[in-house]
Structures are given as C-alpha cells and as structure tokens.
Amino acid sequence: MPNNNELNIIIQGCVNQDRNNQREFYKIFYGYSAAICMRYSHKQTDLVEMVNDGFLKIFKQIQTFVIPNEHLEKSIRAWIRRIMINVSIDYYRKFVKDVPVIVDVEEKYEVLKDSYATPIDKISYDEIIKLVQKLSPMYRVVFNMYVIDGLTHDEIAKELNISANTSKSNLSRARLNIIKLIENKL
C-alpha cells in the first residue's frame, strides 16, 4: 500500500483521467473490492463484472471524493466499499429477476433461538463466506446487507423494494440455512 502522499498523487491522477494512475489505483484496490463483491456474487463471472462495474463508477465519480487531511486510506476504502455494495445491489436487482421474494411471515416466527448461533463459532470467516455464497440470491443479499454491511431492515426494505418484515424473514431463513450448512459440514 502506498503512503498517503503517493496515494494522494494516484487519486489526483485518476481525477485527471490518467490511465497509468487508474491502473495503479485498480491494482491497489482490486482485492479489497473483490472481497466486498464476492459476498454478493454467486459465480466468478458475476464477481468480475461487479468489480469492473464498480471501478467504472469509481473512475467516473472520483472527482466527488473529498480528500481528507487525515486517514486517507481509511476514507478511500470506505468510499470504495459504499460504491461496491451499491453496484452489487444494482447487479442483484438487474440480473436476479427469477428469484421469488419470500412473503412476509409473522414476526413471532422470525426470531432465532440462541442455541442456533453456536456452530458459527467453530468455522473461519472464509468458510462462512463460502457458505453465504451457497444461499439463494435473496437470502444472500439480505444477509450481507444486514450482518456484514450493517444496514437496518428498514434500509434493506427500501433498497430492495420489499417490506421490513420480508427482510427480517429472509434474514432469519438465511441464518437457518447457514446453520444447516454448518451442521452438515461438521
């Protein structure tokens, strides 16, 4: 990772649409971006397309990024993260049309028992991500948005054009499916 001055120069080069700086920026942040999009994708080809779409948006919007006085790397990563999440959600909306949305379930049936959470402690982050990728697209998107990206059910509902109860239900079912996958793996 370049130091703040070098990163600042690369960002300024990207603002000026310098191909060499764009290439360097891409190399520096490709892995980070791919890790974000991987949580939402099901196939490698989808992942590559999502990351590349994200970088196109980044290079079109980089002039809107306000370079902070401190914590440049942290700020640019947060900015990239938001773009990659939005691209992933847009990709989901655009290409995953045949997946049915789970209908609302009464809230009293959505709560998971505490005993279900214990198997997750036994596996690594990478294994969890692989299990999440096995979920149906709707469950995967809601799980990522809620658990990993920290959105509320109301925010998820707004982004995906579903109700908050549907979001809660999908999260509950996603967790149950992950637990079943974990138990089958152990």
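Just so it is clear, the model here is predicted, and its values are computed rather than measured. Hydrogens, waters and symmetry mates are skipped; everything else that's a heavy atom, side chains included, is used. Along the sequence shown, residues carry numbers from 1.
Atom CG of residue D46 and atom OG of residue S41 lie 6.0 Å apart, to the nearest 0.5 angstrom. To the nearest 0.5 Å, atoms CZ (F143) and CG (L171) are separated by 7.0 Å. Interatomic distance, F55 CZ to F29 CZ, rounded to the nearest 0.5 Å: 8.0 Å. The structure places CE of M38 at 11.0 Å from OG of S88, a figure rounded to the nearest 0.5 Å. If you take CG on L47 and CD1 on I36, they are separated by 11.0 Å, rounding to the nearest 0.5 Å. One distance of note links CD of E6 with CD1 of I10; it measures 7.0 Å at 0.5 Å rounding.
A donor atom on one side chain and an acceptor atom on the other are not found under 3.5 Å apart for N177 and Y139.
Side chain of E159 to backbone of I89: no donor-acceptor contact under 3.5 angstrom is found. Not one N or O on the side chain of R39 forms a donor-acceptor pair closer than 3.5 Å with the backbone of N144. N16 contributes a side-chain N or O that, together with a main-chain N or O of Q12, makes up a donor-acceptor pair within less than 3.5 Å. With hydrogens and angles disregarded, no donor-acceptor distance shorter than 3.5 Å links the side chain of T166 to the backbone of I162. Q61 places no side-chain N or O within donor-acceptor distance of the main-chain N or O of I58, the cut-off being under 3.5 Å. Side-chain atoms of S172 never come within 3.5 Å of backbone atoms of K168 as a donor-acceptor pair (strictly under, hydrogens ignored).
Residues R173 and V142 fail the side-chain proximity criterion, which asks for heavy atoms closer than 4.5 Å. Using a 4.5 Å heavy-atom cutoff, the side chains of Y40 and I85 are in contact. In this structure the side chain of M84 never reaches within 4.5 angstrom of the side chain of M50, judged on heavy atoms. No side-chain heavy atom of I156 sits less than 4.5 Å from a side-chain heavy atom of V141. Using a 4.5 Å heavy-atom threshold, the side chains of M145 and L160 count as touching. The side-chain heavy atoms of T152 and Y146, taken from C-beta on, include no pair separated by under 4.5 Å. At a threshold of 4.5 Å between non-hydrogen side-chain atoms, the residues L7 and N3 do not count as touching. Between K57 and K60 there is no side-chain heavy-atom pair separated by less than 4.5 Å.
The side-chain tip of R77 points at the ring of Y32 from less than 6.0 angstrom away and within 45° of straight on.
The two residues S167 and H153 make their nearest non-hydrogen contact at OG-ND1, 2.8 Å. Between P68 and L72, the shortest heavy-atom distance links the atoms CD-CD1, 3.8 Å. Scanning both residues, I28 and P2, for their nearest heavy atoms gives CD1-CG, 3.5 Å. Across every non-hydrogen atom of N21 and G13, the tightest pair is ND2-CA, 3.3 Å. The minimum heavy-atom distance between A34 and V51, with the atom names listed, is CA-CG2, 3.6 Å. The two residues N4 and E73 come nearest to each other via the heavy atoms OD1-N, 4.1 Å.
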Begin from the C-alpha positions of Y26 and Y30 and carry the test ring-ring contact (aromatic ring centres under 6.0 Å, His included) through to its verdict. CA-CA 5 Å; Y26 184 86; Y30 180 85; 5.3 Å; yes
Take D18 and F25 through the test side-chain contact (heavy atoms from CB on, under 4.5 Å) and record every step on the way to the result. CA-CA 11 Å; D18 177 74; F25 187 92; over 6 Å; no
Evaluation steps, side chain to side chain donor-acceptor pair (under 3.5 Å), between R23 and N20: CA-CA 5 Å; R23 188 177 305 110; N20 291 329; 2.8 Å; yes
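Classification of the F65-W79 ring pair by plane angle, with boundaries at 30° and 60°, yields tilted.
At a threshold of 4.5 Å between side-chain heavy atoms, the hydrophobic network of Ile, Leu, Val, Met, Phe, Trp and Tyr places M1 and I80 in one connected group. Under the 4.5 Å side-chain heavy-atom criterion for grouping Ile, Leu, Val, Met, Phe, Trp and Tyr, Y91 is connected to V48 within one hydrophobic cluster.
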